[in-house]
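One structure is given here, and the rest of the page talks about it.
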Amino acid sequence: MRNFVFLIASVLLISCGDKKEEKPLDFKSFEDRFIHEFWKHNPGWASYVGYHDYDSLLVAPTEENRLAEVAFCNAYLDSLKIFDESKMSKTELTDLMMIRDQLQATIWYAEVFKEYEWNPSNYNVGGAFGIIINGNYAPLDARLRAISSKMEKLDAYYAAAKANIKNPTVQHTDLAIMQNAGALEVFGTSLIDSVHASGLNDAEKENLFANIEFAKMAIQDYIDFLEKEIKPTHDKHARDFRIGKELFDQKFKHEIVSSYSAEEIYGKAVVAKAELHGKMFGITQELWLTYFPKEKMPADSLIAIRKMIDVLSLQHCHRDSFQSTIAEQIPELTAFVKNKDLLYLDPEKPLVVRKEPAYMAGVAGASISAPGPYDKYGDTYYNVGSLANYTDAEAESYLREYNTYILQILNIHEAIPGHYAQLVYANQAPSLVKSIFGNGTMIEGWAVYTERMMLEEGYGNNSKEMWLMYYKWNLRTVCNTILDYSIHVNGMTEQQALDLMVNQAFQQEAEAKGKWRRATLTQVQLCSYFTGFYEIMQLRDELKAKKGKGFKLKAFHEEFLSFGSAPVKYVRELMLDKGEQPLAKSE
Ligand code: ZN
Ligand code: ZN
């Protein structure tokens with residue numbers, strides 16, 4: 001409650017102060033104040049991005065706090081009207097639009113989507129505590145004092161959670177039970193050990209040990225509630241995990257921020273899938289005799305493509321050289337981008353390939369680890385998973401999936417000129433807003449776009465094999481969108497989904513089952529890859545048509561990346577803008 005009063009007061013101060021002075025408030029100061037207030041409402045998110053002032057806070061998900069959140073958003077939406085958009089720089093203007101989107105989305109989530117009622121996995125404190133316990137941004141004693149105080153708020157937190165839940169889905173209930181059981185481990189022996197090792201005095205230690213027990217009880221109580229009171233009600237009625245067309249359309253609008261509706265993007269994905277099948281069959285016909293000189297090609301085109309993909313997948317590196325193969329490709333990709341003049345890559349910021357650290361272990365694959373927005377000077381790593389724990393059969397299956405061709409495309413996507421290069425550019429656009437509220441569709445869209453662009457420029461020597469495997473990879477992106485929309489809007493069943501992924505997109509059964517599960521637990525996010533890719537390709541075509549011979553690929557890439565991680569829709573408006581037309585307003 002105190003929190004709420006303070007927020008209203010500070011927002012009023014902004015607008016009153018402005019009216020008296022008749023002088024527009026400096027946008028930069030406004031942003032700083034907004035972000036500071038925003039973190040107070042979202043302390044868990046703040047800890048996650050490296051802003052640690054509010055580590056000891058834990059906002060109980062009560063009705064009162066939700067109303068305060070909506071009031072906060074409405075007050076800031078009003079304050080945004082102070083600024084004369086025609087006089088703002090492009091960077092400021094995109095920031096303003098992204099803040100507005102964020103505030104409108106928050107209101108929509110609270111008032112319309114109401115996930116707090118039907119998704120019990122919304123309530124899970126493992127991550128928020130884990131970041132503080134495992135972080136090294138502050139001395140151990142200070143971090144332990146913060147979590148001790150945070151633990152005291154867990155009772156109110158879970159009491160509000162239990163009061164919120166109404167008719168949740170079976171899938172999100174099971175997920176919540178699993179995740180909260182995992183969260184209990186955060187309060188296990190390694191935490192007890194660090195308390196013993198800390199410099200806290202005896203009274204503080206005693207208090208902390210009591211709070212740890214208290215935290216574990218609160219979490220266990222929530223698990224019991226879900227097991228004993230919620231799950232038995234699922235026999236009779238449970239909410240469908242499918243959110244339906246109306247909510248899907250709206251969530252797509254808030255989360256993806258595209259020029260297109262969800263239905264339009266779905267339609268484009270269906271067309272793209274048919275085109276990819278056509279291209280893949282064409283290549284399969286051309287390659288058939290080379291790989292199957294004595295075998296007649298199957299009449300069914302999808303079966304023929306599958307056979308060709310299977311034979312090409314046998315070309316892969318040895319399990320012991322997985323990391324070194326990736327490490328060797330990074331300088332090759334960098335040299336290609338440089339020689340073809342595709343994008344300036346800062347030689348001062350080379351990408352470091354490393355074996356993934358222990359706390360990430362367990363999942364093979366590759367990912368980029370970037371410093372958060374409050375840690376500008378941290379290093380960026382390309383983490384490569386180890387196959388050490390795999391059996392021979394598991395390693396073979398994994399290596400066939402990430403075969404010689406696909407591994408190169410993965411490196412383009414994750415590293416150069418994909419996510420890593422985009423990140424370097426984004427860090428040069430000095431906007432905290434774009435870094436914190438970065439648009440996932442633009443970020444994934446860029447990485448997916450670079451795969452196509454690199455092959456178009458001749459990466460992989462234009463070999464038919466490389467193109468076929470690229471199309472397979474791209475088909476997965478396209479099918480992610482088809483799946484997401486079909487499952488949530490058109491009622492697609494698990495059997496139909498598996499048929500789409502395995503028989504029509506040539507995926508492995510295990511991968512397809514994991515994707516089905518992900519699609520039942522999330523909504524809209526799986527559309528981001530294809531939507532961003534489609535919009536960037538289209539923007540490039542528009543600019544080519546407009547500039548004719550004056551179009552330069554490198555200049556296009558560098559200008560596109562210069563706006564930070566803003567939605568493609570806004571970048572498009574700014575890049576096509578001649579300085580006369582007003583920017584379309586998002587609503
Ligand atoms: Zn093999
Ligand atoms: Zn990605």
Side-chain angles (χ1 to χ4, degrees), residues 255-256 291 307-322 325-326 329-330 333 351 353 356 360 363-370 380-385 387 390-426 435 438-455 465 469-470 472-481 483-484 508 511 514-515 518 522 524-537 560-561 564-565 567-568:
E255 204 171 301
I256 300 288
Y291 289 89
K307 278 195 75 115
M308 186 55 69
I309 286 172
D310 284 349
V311 76
L312 294 180
S313 301
L314 297 176
Q315 295 177 42
H316 59 74
C317 66
H318 189 269
R319 60 183 293 168
D320 297 334
S321 57
F322 189 65
T325 306
I326 289 177
Q329 272 172 23
I330 303 304
L333 289 167
L351 178 59
V353 181
E356 70 183 1
M360 300 173 91
V363 200
S367 66
I368 293 286
S369 230
T380 300
Y381 294 101
Y382 193 22
N383 309 303
V384 179
L387 279 65
Y390 283 24
T391 64
D392 282 347
E394 283 168 347
E396 177 63 20
S397 160
Y398 184 82
L399 292 166
R400 283 186 191 178
E401 190 67 31
Y402 289 93
N403 55 66
T404 302
Y405 305 101
I406 298 287
L407 197 55
Q408 295 177 69
I409 300 165
L410 177 74
N411 288 329
I412 292 171
H413 178 107
E414 294 291 340
I416 290 167
H419 287 316
Y420 174 67
Q422 191 263 326
L423 202 85
V424 172
Y425 274 81
S435 180
N439 178 260
T441 307
M442 180 276 176
I443 293 168
E444 287 305 339
W446 170 260
V448 174
Y449 162 76
T450 60
E451 301 158 5
R452 169 73 58 95
M453 183 274 291
M454 288 289 275
L455 261 74
E465 288 88 344
M469 296 306 259
Y470 161 73
K472 184 216 166 191
W473 179 264
N474 192 240
L475 187 58
R476 183 166 76 174
T477 299
V478 168
C479 286
N480 281 345
T481 292
L483 270 177
D484 200 10
Q508 299 299 319
E511 183 192 355
K515 186 62 65 66
R518 179 172 160 191
T522 67
V524 168
Q525 197 272 338
L526 280 170
C527 293
S528 64
Y529 308 83
F530 175 72
T531 308
F533 167 65
Y534 184 87
E535 291 193 287
I536 296 171
M537 290 295 281
F560 180 83
L561 294 179
S565 308
V568 181

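Both counts, for ligands and for their atoms, begin at 1 and track the order of listing.
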>> Regarding Thr531 and Glu444, do their side chains bring together a donor and an acceptor under 3.5 Å, going by distance alone?
In response: no
>> Are Thr441 and Pro567 packed together at the side-chain level, in the sense that at least one heavy-atom pair is separated by less than 4.5 angstrom?
In response: no
> If we ignore angles and hydrogens, is there a donor and acceptor under 3.5 Å between the side chains of Tyr449 and Gln422?
Replying inline: no
> Which atoms of the protein, restricted to N, O or S, are nearer than 2.8 Å to the Zn ion (ligand 1)?
Replying inline: His316 NE2, Glu396 OE1, Glu396 OE2
>> Testing Leu561, Ile412, Leu333 one by one against Pro417 for a side-chain contact (heavy atoms from CB on, under 4.5 Å), which residue passes?
In response: Ile412
> What residues form a side-chain contact (heavy atoms from CB on, under 4.5 Å) with Glu401, not counting sequence neighbours?
Replying inline: Lys472, Gln508, Glu511
>> Please name the atom of Glu444, limited to N, O or S, that comes nearest to the Zn ion (ligand 2).
In response: OE1
>> Is the ring pair Trp473/Tyr402 parallel, tilted or perpendicular, if the boundaries are 30 and 60 degrees?
In response: perpendicular
